[in-house]
Amino acid sequence: MNLRNAYRTQAILGTTMTIKAESLPYLSAEFLDSLAISTSDVVDEIERQIIGQRRGEVWCAPKAVVLPGDDRYIMATLAVATEPRVLATKSLVVNPRNSGRGLATLNSLVTLLDAETGLPLALVDGNWVTSKRTAGLSAVAARRLARADSACVAFIGCGVQARAHLEVLADLFPLQEIRAFARSKASGEALCRMAETRGLTAVASDTAKAAVEPADIVVTTVTLIPEPAPFLDARWLQTGVFATMTDLALPWVPESMAIFDRIVIDDLAQEAQMSKPMVRPELVAGDLTGLVGGDVPGRQGARERTAFVFRGMAVGDLAIAGLAFARAKAIGALDA
């Protein structure tokens, strides 16, 4: 498959721009799925690039966020790797008004440049990258913070990110059951059907409390726009649970977070530059780099309650987009 044949005239900023066939390859979600990148591939590559940061082989900037005040959430990440030699930037817009246009609420694009020359290499479907890297970051943390025998996962929010998390968690743990709670009945039912195709028991819960109380792992992927009011109480959770919160912990009652024995965030340096912390700093044991590198201890006992709370790391976008690009080159899909 030669991706250079996949270009067409696109409307950009109200004007029409023709991308020539010989210019820049675009790795679509359909093509990326065809690469059959596994959960272990995703998790191993994220961990490799996190370790690369510690070795001075990978460099990342804190994520940049713009809030125009009209319910849009606009964000960008930037990261550079030594191997593969790429610079990855991701631009993302979340707009709840998109649903009325028949569009996904979140849309994004990753641009890959040669990190030495700055020449463009490829454009990559950012929604695919975001889905894979978010679930992959949770999986990296879960390897160290969740019980190995975790059998029941509760999902609060049942959209794209929940589906991505179901895929990776089902690959990593001996799951038997999921419990789903969502504002949208349709998304909850879709997640349950997906779980059933993997041979899992699926329960659509009437309340968030009923979903999380029996769970070994809790995944919260609540939409941030508009900002949710806290409705999840960590004191509902049983001992031994691991919770991963892709939503900055905004849906969680802040005073209940002290119930966790260990909370890890994604990036201490990035968090220090944010105007509002996700979690009270005194509750944070460290970040994902420390957890992977061994500076922050993982689970210390079967009864510990542990959590991973994150904004998203540029190194994750870099790892997934770079992995996809390298895989596409390896199979000859990027030949001129």
Side-chain angles (χ1 to χ4, degrees), residues 9-17 19 24 26 28-29 60-80 87-113 120 123-135 137 156-162 164 182-184 187 220-232 245-252 254 265-281 309-318 320-321:
T9 300
Q10 298 184 7
I12 299 179
L13 297 179
T15 64
T16 298
M17 173 178 174
I19 300 177
L24 195 63
Y26 174 70
S28 68
C60 300
K63 67 189 297 185
V65 175
V66 173
L67 300 173
D70 60 358
D71 285 342
R72 282 179 297 161
Y73 174 87
I74 300 172
M75 183 269 288
T77 66
L78 168 65
V80 183
L87 181 156
T89 59
K90 184 177 79 173
S91 303
L92 176 150
V93 176
V94 178
N95 189 341
R97 295 186 292 276
N98 278 0
S99 59
R101 303 171 174 127
L103 299 173
T105 300
L106 181 154
N107 286 294
S108 59
L109 181 71
V110 176
T111 304
L112 292 179
L113 307 183
L123 302 174
V124 187
D125 185 294
N127 291 14
W128 189 92
V129 170
T130 299
S131 173
K132 294 291 184 182
R133 78 90 155 110
T134 306
L137 290 169
I156 307 300
C158 297
V160 172
Q161 283 298 344
R183 290 178 296 180
S184 164
S187 65
T220 65
T221 58
V222 177
T223 303
L224 300 181
I225 303 295
E227 184 173 317
F231 66 95
L232 294 169
M245 308 171 188
T246 74
D247 40 32
L248 286 64
L250 287 173
W252 294 83
I265 64 171
D266 47 353
D267 189 331
L268 286 169
Q270 174 175 267
E271 190 68 3
Q273 298 192 32
M274 299 298 159
S275 59
K276 179 182 177 182
M278 298 180 289
V279 181
R280 295 204 319 266
V309 186
F310 62 116
R311 296 180 185 274
M313 300 170 67
V315 71
D317 295 319
L318 169 75
I320 302 306

| T220 versus D247, side-chain donor and acceptor atoms under 3.5 Å |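 Side chains of D247 and T220: pair found under 3.5 Å.
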| request: Tell me yes or no: between the side chains of S108 and N127, is some donor less than 3.5 Å from an acceptor? | output: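 Result is yes, a qualifying pair exists.
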| field | Heavy atoms of other groups near R97 CZ, more than 12 under 6.0 Å | value | yes
Any non-hydrogen side-chain atom of [X] less than 4.5 Å from a side-chain atom of [Y]?
X    : Y    : value
V279 : W252 : no
R72  : V94  : no
T223 : P228 : no
Q161 : T130 : yes
L87  : L78  : yes
Y73  : V93  : no
L224 : L248 : yes

Looking only at atom types and distance, does a side-chain atom of [X] sit under 3.5 Å from a main-chain N or O of [Y], one as donor and one as acceptor?
X    : Y    : value
S187 : S184 : yes
K63  : A314 : no
E271 : M278 : yes
N98  : A104 : yes
S99  : P96  : yes
D317 : K90  : no

| note | For Y26 and V124 the tightest heavy-atom approach is CE1-C, 4.3 Å
| query | Considering all heavy atoms of both residues, which atom of P68 and which atom of I74 are nearest to each other, and what is their separation? | reply | CG-CD1, 3.8 Å
